[in-house]
There are 2 protein chains.
Amino acid sequence: MEMKSVIRSLRVLEAVAQHQPVTVGELTKIFGLPKSTVQRTLVTLAEAGWLRANRKDTTRWEIGARVLAVRPAALQGSSLYAAAREPMVHLRDTLNETIHLSVPDALQCVVVVDRVDCDQAVRTFINIGDTSPLHATATGRAILAHLPRADVEELVARGLERFNDSTPADAAALLAELDRVRADGYAVNLNQYRPDVCAVAAAILDSDGTPLAAVAVSMPASRYQPDRLPKWGRLVADTATEISARRLGA
Amino acid sequence: MEMKSVIRSLRVLEAVAQHQPVTVGELTKIFGLPKSTVQRTLVTLAEAGWLRANRKDTTRWEIGARVLAVRPAALQGSSLYAAAREPMVHLRDTLNETIHLSVPDALQCVVVVDRVDCDQAVRTFINIGDTSPLHATATGRAILAHLPRADVEELVARGLERFNDSTPADAAALLAELDRVRADGYAVNLNQYRPDVCAVAAAILDSDGTPLAAVAVSMPASRYQPDRLPKWGRLVADTATEISARRLGA
DNA sequence: CACAACGTTCCATAATGTGGCACGGGCTAG
DNA sequence: CTAGCCCGTGCCACATTATGGAACGTTGTG
């Protein structure tokens, strides 16, 4: 409602990130704004260090380095990030599936902040920065299971979007699943968000028990084997515990 | 010169990143702006998803997750980032010193984008997002050595800031050093930028030979041993080569 | 209990961003 | 070779938009 120029500038920044390196003309088509407005916005963002002209084609714009100094608190000082790296690589080596690290964003969603790829020919593909709903994914529920009951109810009150038949439909189903997550120490998602994607996740906790993030192993549904779940769940949970411990020890 | 509100909003965003979680009052002290202006800016940034209220203390603001979807092209798809991780950990394990990954920012500076810590009691401390000049650091010169002569001259023309007596003073000194870097395959920095910090770095190249980034091992000057330089240089250069290869293979 | 400090809201003011237009350079088709 | 086109860039009168002082409500403290 306020500061339209700021909001618009940030949208432009996001568009540049998506299409970089991009020209003024391309952006005017995306936004339907006058050329001069887009141009001015780009110059301003560049002046602030958030954008820069491409070195090879100076009429194309790309994201500048300033962006890297601005990171969510969970990643600040790289404590979570650095602590997670080696355990994630180890888990990938053990399971040979893609491993993700995600952080919650204010009860809205979880965001993928890091990824370790496997070398399978068929594998899940999720980008750093991608978001997904808390209630419909293994990562989200691993985190939800460690949040106060009130927060879960707030989330339920906002409505649980369904992505297909297996997405938890109501508060009861979700709460029962969260109980199971707490009992087992890991969360599971079988095609409940993206079709054909299964995942097993566990929460990374702060010293006071607050869930800071979650690690997950995700795979195509075709490679999911129910009988291996207890073992995989334990491995993921152990990885999360190891990361929590390293973060606090550092 | 233009769009003051946008520039100011970005400064506020950066300040929040530095001090998060932070209150309106603290920010007004930092900027000397009226409370209402800061407040409005914060709400606007939050509306755009770049900021959010802290969950535990809703009067404190912190960086939102949206930021993570906006990354420089060099890191896009995380190919560099993911490719670099394991070789960096391996190098750290071999040398037990802090390892950095940095990317150049448009002939202006290099930015640290990743870090693997060692467990030494005394160690170098550089944050992700920190920037340093191209001509005065090992990382910068490792990259400069692989840029066209014209680019180096452009940089020289802009002037070479000196940080202490050992910083390269003129074009001749810098060009001679770059020749040495190309011959040896690694760059060295002995207290030329930050006092008491030594580093050995090597460039990570794209398929066409463009330098995309550089890996560096950095250590307190007290642990630098000249006789080990050839061996360390070779290890760092091998790590850079390995990262280049992994990135292209992926 | 009263004061102080803080986050939040409101609104008249003018400063600020807007976008139509025009310029110049590079590219392509005739 | 040149005419026509498209693109990035710079300008400027207009009015939309952000500004910041002042007032309000709440919290915690002496």
Side-chain angles (χ1 to χ4, degrees), chain A residues 1-64 66 73 106-107 150 154, chain B residues 1-64 73 106-108 150 154:
Chain A
M1 300 301 169
E2 322 190 66
M3 302 247 241
K4 300 198 181 179
S5 64
V6 173
I7 299 262
R8 221 169 30 198
S9 297
L10 292 174
R11 296 285 162 258
V12 169
L13 190 62
E14 290 161 14
V16 172
Q18 244 176 53
H19 300 97
Q20 65 183 318
V22 70
T23 64
V24 177
E26 288 162 5
L27 288 168
T28 62
K29 274 166 202 153
I30 294 172
F31 288 99
L33 289 170
K35 271 189 304 181
S36 52
T37 302
V38 174
Q39 165 82 352
R40 192 156 11 89
T41 305
L42 291 172
V43 171
T44 303
L45 291 171
E47 196 176 309
W50 287 68
L51 242 49
R52 67 180 182 205
N54 185 288
R55 284 193 45 72
K56 291 168 190 172
D57 177 354
T58 54
T59 71
R60 293 192 167 269
W61 298 85
E62 56 191 25
I63 298 293
R66 180 73 48 99
L107 265 196
E154 187 186 327
Chain B
M1 300 299 172
E2 323 190 64
M3 301 247 239
K4 299 198 181 177
S5 64
V6 173
I7 301 260
R8 220 168 32 198
S9 297
L10 291 174
R11 296 283 162 260
V12 169
L13 190 63
E14 290 161 15
V16 171
Q18 247 177 51
H19 301 96
Q20 64 182 315
V22 69
T23 64
V24 178
E26 289 162 4
L27 287 169
T28 60
K29 275 167 202 152
I30 294 172
F31 289 99
L33 289 169
K35 270 191 301 183
S36 52
T37 301
V38 174
Q39 164 83 351
R40 192 157 11 88
T41 304
L42 291 173
V43 171
T44 303
L45 291 170
E47 196 176 309
W50 288 66
L51 242 50
R52 66 182 183 204
N54 185 286
R55 286 193 48 70
K56 291 168 190 171
D57 176 355
T58 54
T59 71
R60 293 191 166 268
W61 299 85
E62 56 191 24
I63 298 294
L107 266 194
Q108 296 290 338
E154 187 186 327

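Please read these numbers as outputs of a predicted model, since none were measured by experiment. Each chain gets a letter, A, B and so on, in the order its sequence line appears, and its residues count up from 1. No hydrogens, no waters, no symmetry mates; every other heavy atom, side chains included, goes into these values.
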Practice task
Name the nucleic acid region contacted by A:Thr37, choosing base, sugar-phosphate or nothing; use a 4.0 angstrom heavy-atom cut-off, strictly under.
Solution key: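 Answer is base: heavy atoms of A:Thr37 come under 4.0 Å of a base.
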Practice task
Determine the contact category for A:Ser36: base if any of its heavy atoms lies under 4.0 Å from a base atom, sugar-phosphate if only primed atoms, P, OP1 or OP2 are that close, otherwise nothing.
Solution key: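 A:Ser36: base contact, heavy atoms under 4.0 Å.
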Got [X] and [Y] here, is their nearest side-chain heavy-atom distance under 4.5 Å?
X       : Y       : result
B:Val6  : A:Trp50 : no
A:Leu45 : A:Val16 : no
A:Leu42 : A:Leu51 : yes

Problem - Among D:dG8, D:dG21, D:dA23, the one nearest A:Thr59 by side-chain distance - result: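 Closest nucleotide to the A:Thr59 side chain: D:dG8.
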Handout entry: Among B:Glu26, B:Gln20, B:His19, the one residue meeting side-chain hydrogen bond (donor to acceptor under 3.5 Å, both in side chains) with B:Arg60
Key =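 The option that passes is B:Glu26.
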Could one point to a donor on the side chain of [X] or the base of [N] with an acceptor on the other under 3.5 Å away?
X       : N      : answer
B:Lys35 : D:dG20 : no
A:Arg40 : D:dG10 : no
A:Lys4  : C:dG17 : no

Problem - C:dG7 phosphate, OP1 or OP2, under 4.0 Å from B:Gln39 side-chain N/O - result: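 Looking at the OP1 and OP2 atoms of C:dG7, neither is under 4.0 Å from any side-chain N or O of B:Gln39.
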Problem - N/O (side chain, B:Thr23) to phosphate O (OP1/OP2, C:dC6) under 4.0 Å - result: no
Problem - Nearest-nucleotide comparison on DNA chain D, the residue closer to the 5′ end among A:Val24 and A:Val6 - result: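 So the residue in question is A:Val24.
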Fill in the blank from the handout: Atom CG of A:Asp57 and atom P of C:dG26 are separated, to the nearest Å, by 13 Å
Fill in the blank from the handout: Comparing B:Gly25 with A:Thr41, nearest DNA chain C nucleotide closer to 5' gives the residue B:Gly25
Practice task
Between B:Lys29 and B:Val43, name the one whose nearest nucleotide on DNA chain C is closer to the 5' end.
Solution key: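 Of the two residues, B:Lys29 wins.
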